[in-house]
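Computed from a predicted structure; not experimentally measured. By convention in this document, chain letters (A, B, ...) are assigned in the order of the sequence lines, proteins followed by strands, and residues within each chain are numbered from 1.
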Amino acid sequence: MAEKQLRRNLAVLPIGTVMKLTGQTARQIRYYESQELVLPERTPGHQRLFSLNDVDRLLEIKDYLAEGATMVQIRQIYRKQAQKMQQRHLTDTKARQLLAEEMLSVGGLVGQRPSISQSSKLY
DNA sequence: ATTCTCACA
DNA sequence: TGTGAGCA
């Protein structure tokens with residue numbers, strides 16, 4: 001299931017394709033990028049390459065706008081979403097550290113080589 | 001043919 | 001947000 005998500009994040013669509021897929025103009029798409037609402041990659045020649053997730057994001061923006069939302073509000077929506085994602089990541093990291101320490105204490109005498117600080121970095 | 005950045009009779 | 005200019 002992680003493999004599929006990886007493909008959705010593959011940046012392979014040039015702006016022309018994204019325009020047709022979202023019905024937005026290149027001007028708008030580039031503007032949304034300047035607002036950091038989408039983060040397309042670049043080819044060696046500086047051309048934007050969007051992923052399917054970027055397209056979904058643009059479609060979402062289109063809906064929010066249609067519902068009367070302003071760019072400020074939309075930006076707020078995503079920055080809060082990013083905050084929660086980060087918090088979830090932090091609690092995950094904390095849980096993994098606890099698990100790592102737990103495994104070390106249970107393993108006790110066995111793995112006393114790596115210090116806790118070093119081994120936790122592996123997760 | 002396409003996309004990019006920049007600027008505005 | 002549109003549009004034309006001059007590049008890559």
Side-chain angles (χ1 to χ4, degrees):
Chain A
M1 189 106 263
E3 184 67 25
K4 190 176 182 180
Q5 191 61 354
L6 218 157
R7 300 189 194 202
R8 294 188 65 71
N9 283 315
L10 275 187
V12 291
L13 316 177
I15 200 169
T17 304
V18 178
M19 288 174 65
K20 292 174 182 175
L21 255 29
T22 65
Q24 295 166 321
T25 66
R27 181 79 163 83
Q28 292 176 302
I29 297 172
R30 295 184 184 122
Y31 173 66
Y32 301 146
E33 178 193 20
S34 76
Q35 298 305 295
E36 300 179 276
L37 295 176
V38 285
L39 40 148
E41 286 173 25
R42 296 292 182 124
T43 66
H46 304 152
Q47 293 194 303
R48 275 167 263 253
L49 287 183
F50 300 78
S51 69
L52 292 175
N53 281 328
D54 287 328
V55 173
D56 286 341
R57 170 66 68 91
L58 288 171
L59 255 17
E60 268 186 59
I61 296 171
K62 187 180 181 185
D63 288 338
Y64 282 133
L65 253 27
E67 292 172 30
T70 67
M71 290 301 294
V72 219
Q73 297 176 308
I74 296 178
R75 292 186 58 176
Q76 189 180 76
I77 291 175
Y78 289 125
R79 67 173 171 70
K80 287 193 174 182
Q81 205 169 73
Q83 279 180 31
K84 295 190 176 182
M85 288 282 282
Q86 182 173 310
Q87 283 177 37
R88 188 168 66 70
H89 177 273
L90 287 178
T91 57
D92 269 20
T93 300
K94 192 174 300 175
R96 294 187 183 194
Q97 289 181 338
L98 290 177
L99 178 58
E101 291 174 23
E102 189 68 22
M103 293 183 76
L104 283 179
S105 66
V106 170
L109 309 170
V110 184
Q112 272 198 325
R113 322 295 297 187
S115 71
I116 301 180
S117 62
Q118 290 178 315
S119 62
S120 52
K121 284 181 180 178
L122 297 177
Y123 298 82

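With hydrogens and angles disregarded, no donor-acceptor distance shorter than 3.5 Å links the side chain of A:Asp92 to the backbone of A:His89. Listed for the A:Glu101 side chain is no donor-acceptor partner under 3.5 Å among the backbone atoms of A:Leu98.
Under the 4.5 Å side-chain heavy-atom criterion for grouping Ile, Leu, Val, Met, Phe, Trp and Tyr, A:Leu39 is not connected to A:Leu13 through any hydrophobic cluster.
Residue A:Thr25 places at least one side-chain N or O closer than 4.0 Å to OP1 or OP2 of C:dG2. Distances shown here put every side-chain N or O of A:Arg48 at or beyond 4.0 Å from the OP1 or OP2 atom of B:dT3. Distances shorter than 4.0 Å separate none of the side-chain N or O atoms of A:Tyr31 from OP1 or OP2 on B:dT5.
Partners of A:Arg30 according to the side-chain hydrogen bond (donor to acceptor under 3.5 Å, both in side chains) rule, which considers only residues two or more places apart in sequence or in another chain, do not exist here.
Distance A:Ile29 CD1 to B:dT2 P: 15 Å, rounded to the nearest Å. In this structure, A:Gln35 places its CD atom 13 Å from C1' of C:dT1, rounding to the nearest Å. Straight-line distance from the CD1 atom of A:Ile15 to the C1' atom of B:dA1: 15 Å, rounded to whole Å. With rounding to whole Å, A:Phe50 atom CZ is found 16 Å from B:dT2 atom P. For the pair A:His46 NE2 and B:dC6 P, the computed distance is 12 Å after rounding to whole Å. In this structure, the CZ atom of A:Arg30 is 11 Å from the P atom of C:dG2, given to the nearest Å.
Remark: A:Arg57 qualifies as a cation-pi partner of A:Tyr78 under the 6.0 Å distance and 45° angle criteria applied to the six-membered ring.
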Query raised in the report: Is there a side-chain contact (heavy atoms from CB on, under 4.5 Å) between A:Gln28 and A:Leu58 once you walk through the steps?
Result: CA-CA 10 Å; A:Gln28 292 176 302; A:Leu58 288 171; over 6 Å; no
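Counting only heavy atoms from C-beta outward, the side chains of A:Arg79 and A:Gln76 approach each other to under 4.5 Å.
Among C:dT3, B:dT5, B:dT3, the nucleotide with an atom closest to any side-chain atom of A:Arg42 is B:dT5. Ranking B:dT2, C:dG2, B:dT5 by closeness to the A:Gln28 side chain, first place goes to C:dG2.
A donor-acceptor contact under 3.5 angstrom links the side-chain atoms of A:Arg27 to the base of C:dT3.
Stem list for DNA chain C (at least 3 consecutive Watson-Crick or G-U pairs, distances under 3.5 Å): B:4-8 with C:2-6.
Among the protein residues, A:Gly45 comes within range of no part of the nucleic acid, since none of its heavy atoms lies under 4.0 Å from any strand.
For A:Gln47 and A:Leu65, each mapped to the nucleotide of DNA chain C holding its nearest heavy atom, the one lying further toward the 5' end belongs to A:Leu65.
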